[in-house]
Structures are given as C-alpha cells and as structure tokens.
Amino acid sequence: MRVGSGYDVHKLVEGRKLILGGVEIPFEKGLLGHSDADVLLHAIMDALLGAAALGDIGRHFPDNDDTYKGISSMILLHKVLYLLKKENYCIINIDATIVAQKPKLAYYIESMEKNIADALEIEKNCVNVKATTEERLGFTGAGLGIAAQAVCMIEKSIDGKSSF
C-alpha cells in the first residue's frame, strides 16, 4: 500500500469558467491557470502521482507546454491513470476537500465524484469529495481563490485488480 497527498490553489478571476471535478459551476468568476485550472483534479492528480513516486503534474504536464493550454483536467486525470497502470498500480480510494468561501458546492459534489470515478475507472464509492469554507479567513475566505487537498491510497497489482 502507498499513500499520496496533493494540494493545489488557483486564483479566482473574471472571464473564466469555474470547473471543479470536471463540473462547470455557475459563478461570476473562474480559476486562472494554463489548463482549465480544475484545482480539485490537480490536487487529486498530485496525490496519485506522489503515491506512485512519479513526481507531480508539473513534471508530466508543464504549464509552459502549449499542448496543455486550456486542456480539460479530466483528460489529464485519465493520463495519470495510464501512468499508474503502466506501473501496475490500482487506486484503492481518494478523499479530497475543496476550500472555497463561494460558491456553495454541495449540489455538485455527487457529479464531481462520478466524474472522478469514471475517469479513473474505479467505483464511485472509492471517491469522496467534501467542500468547506475558511470562515472568511485567508485568501480563500476573502474570495480570492480556491484551494483543494487530496489524499489517496494505491497498491501494486499483478493482474490490474486490487486485492481489496
């Protein structure tokens, strides 16, 4: 068994769509970034890559490579799955937290979990996403950005299946 953790943050700006967990959320601002800036998926990808000792998303999908400009992070998440499979890793579970003062995200959580599970070819009950505020403290509390944290557990597999 191997455990990984991931963290990401992006600034909120006008003129961008807000995408979290592959879900477009109606909001007056979106996240600034080279790709679609899906902070949740970025944290999850870093957790998975870290658990497998494969570096981070910057190593695999650098922000100075135009190949990834505006790309959906769902595509990148599926590429991370390919990297894990190449090393014979199976995903046991993912637990992630989005930190945002606004917008309220409870309505979208189930769709995010489904998107993540589908992209990673795992059962939906292996993915948990939560959202919280920082009670108006810090940059997320001031509405300047959104952060996400993720942890995951993976294991080596001979036949591509988990022993769980």
Side-chain angles (χ1 to χ4, degrees), residues 1-11 16-27 30-100 105 107-131 145-164:
M1 299 284 171
R2 297 177 66 109
V3 174
S5 69
Y7 175 80
D8 197 33
V9 61
H10 285 275
K11 180 179 180 178
R16 295 267 307 198
K17 292 179 180 179
L18 178 58
I19 311 288
L20 295 170
V23 176
E24 186 174 335
I25 314 249
F27 193 57
L31 294 170
L32 182 63
H34 186 68
S35 65
D36 64 3
D38 188 328
V39 70
L40 173 60
L41 296 186
H42 293 185
I44 290 170
M45 286 186 274
D46 270 345
L48 292 167
L49 289 167
L54 294 173
D56 63 14
I57 61 173
R59 175 175 157 193
H60 295 278
F61 317 114
D63 65 5
N64 60 359
D65 184 338
D66 284 342
T67 304
Y68 305 112
K69 186 162 180 61
I71 195 168
S72 166
S73 294
M74 291 298 295
I75 292 169
L76 300 180
L77 183 61
H78 195 73
K79 289 179 183 278
V80 167
L81 174 64
Y82 171 78
L83 293 170
L84 293 175
K85 283 183 171 186
K86 204 165 110 174
E87 299 295 321
N88 294 317
Y89 283 111
C90 291
I91 300 166
I92 305 302
N93 77 306
I94 295 167
D95 185 33
T97 304
I98 304 166
V99 183
L105 299 172
Y107 177 79
Y108 306 99
I109 296 290
E110 190 170 328
S111 295
M112 292 178 201
E113 291 171 341
K114 182 177 181 336
N115 286 347
I116 294 162
D118 288 350
L120 294 173
E121 301 172 8
I122 58 177
E123 297 295 320
K124 186 175 169 292
N125 68 359
C126 296
V127 178
N128 188 63
V129 175
K130 306 172 295 293
I146 295 178
Q149 301 175 57
V151 294
C152 70
M153 182 178 290
I154 64 173
E155 72 173 350
K156 275 278 195 191
S157 169
I158 307 261
D159 61 1
K161 302 219 186 270
S162 169
S163 63
F164 270 85

_Derivation and outcome, salt bridge (Lys or Arg N to Asp or Glu O under 4.0 Å), residues D95 and K130_ = CA-CA 8 Å; D95 185 33; K130 306 172 295 293; 2.6 Å; yes

*Apply side-chain contact (heavy atoms from CB on, under 4.5 Å) to E121 and H78, showing your working.*
CA-CA 9 Å; E121 301 172 8; H78 195 73; 3.3 Å; yes

*Yes or no on side-chain contact (heavy atoms from CB on, under 4.5 Å) for L41 and I116, after CA distance, side-chain angles and deciding distance?*
CA-CA 8 Å; L41 296 186; I116 294 162; 3.6 Å; yes

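Side-chain atoms of K85 and C90, non-hydrogen and from C-beta on, never get closer than 4.5 Å to each other. Annotation: side chain of H10 is not in contact with side chain of L32 (no heavy-atom distance under 4.5 Å). I146 is listed as a side-chain neighbour of L18, based on a closest heavy-atom distance under 4.5 Å. When side chains are defined from C-beta on, L76 does not count as touching I57, because their heavy atoms never get closer than 4.5 Å. You'll find the side chain of Q149 stays beyond 4.5 Å of the side chain of S5, heavy atoms only. A heavy-atom distance below 4.5 Å is not found between the side chains of L31 and I19. Annotation: side chain of L105 is in contact with side chain of L20 (closest heavy-atom distance under 4.5 Å). Using a 4.5 Å heavy-atom threshold, the side chains of S73 and Y68 count as separate.
D63 and H34 form no side-chain donor-acceptor contact under 3.5 Å, judged by distance and modelled atom types alone. With no hydrogens or angles considered, no side-chain donor-acceptor pair links S157 and N88 at under 3.5 Å.
A search for side chain to side chain donor-acceptor pair (under 3.5 Å) contacts involving K69 returns nothing, not counting sequence neighbours. Not a single salt bridge (Lys or Arg N to Asp or Glu O under 4.0 Å) links K79 to another residue, sequence neighbours left out.
Within the model, atoms CG of L84 and CG of L120 stand 8.0 Å from one another, a figure rounded to the nearest 0.5 Å. A distance of 6.0 Å separates SG in C152 from CD1 in I154, rounded to the nearest 0.5 Å. Here the NZ-OH distance, from K156 to Y89, works out to 4.0 Å after rounding to the nearest 0.5 Å. The line from NE2 of H42 to CZ of F61 is 9.5 Å long, rounded to the nearest 0.5 Å. Of the inter-residue distances, the one linking N128 atom CG with I109 atom CD1 reads 8.5 Å to the nearest 0.5 angstrom. Remark: R2 CZ to E87 CD distance equals 10.0 Å, nearest 0.5 Å.
Distance alone, capped at 3.5 Å, is enough to place a donor-acceptor pair between the N115 side chain and the G21 backbone. A side-chain donor-acceptor contact under 3.5 Å links D38 to the backbone of G22.
The minimum heavy-atom distance linking D56 with R59 is given by the pair OD1-N, 2.9 Å. When all heavy atoms are compared, the tightest approach of M112 to I25 is CE-CD1, 3.8 Å. Scanning both residues, I71 and S35, for their nearest heavy atoms gives O-CB, 3.4 Å. Contact record, L40 with A96: CD1-CB, 3.6 Å, taken as the closest heavy-atom pair.
Of the residues L77, L83, L81, L54, the one that meets the side chain to side chain contact (heavy atoms under 4.5 Å, CB included) test with L48 is L77.
Around CD of E110, the count of heavy atoms belonging to other residues, nucleotides or ligands within 6.0 Å does not exceed 12. Atom NZ of K124 sits in a crowded spot, with more than 12 heavy atoms from other residues, nucleotides or ligands closer than 6.0 Å.
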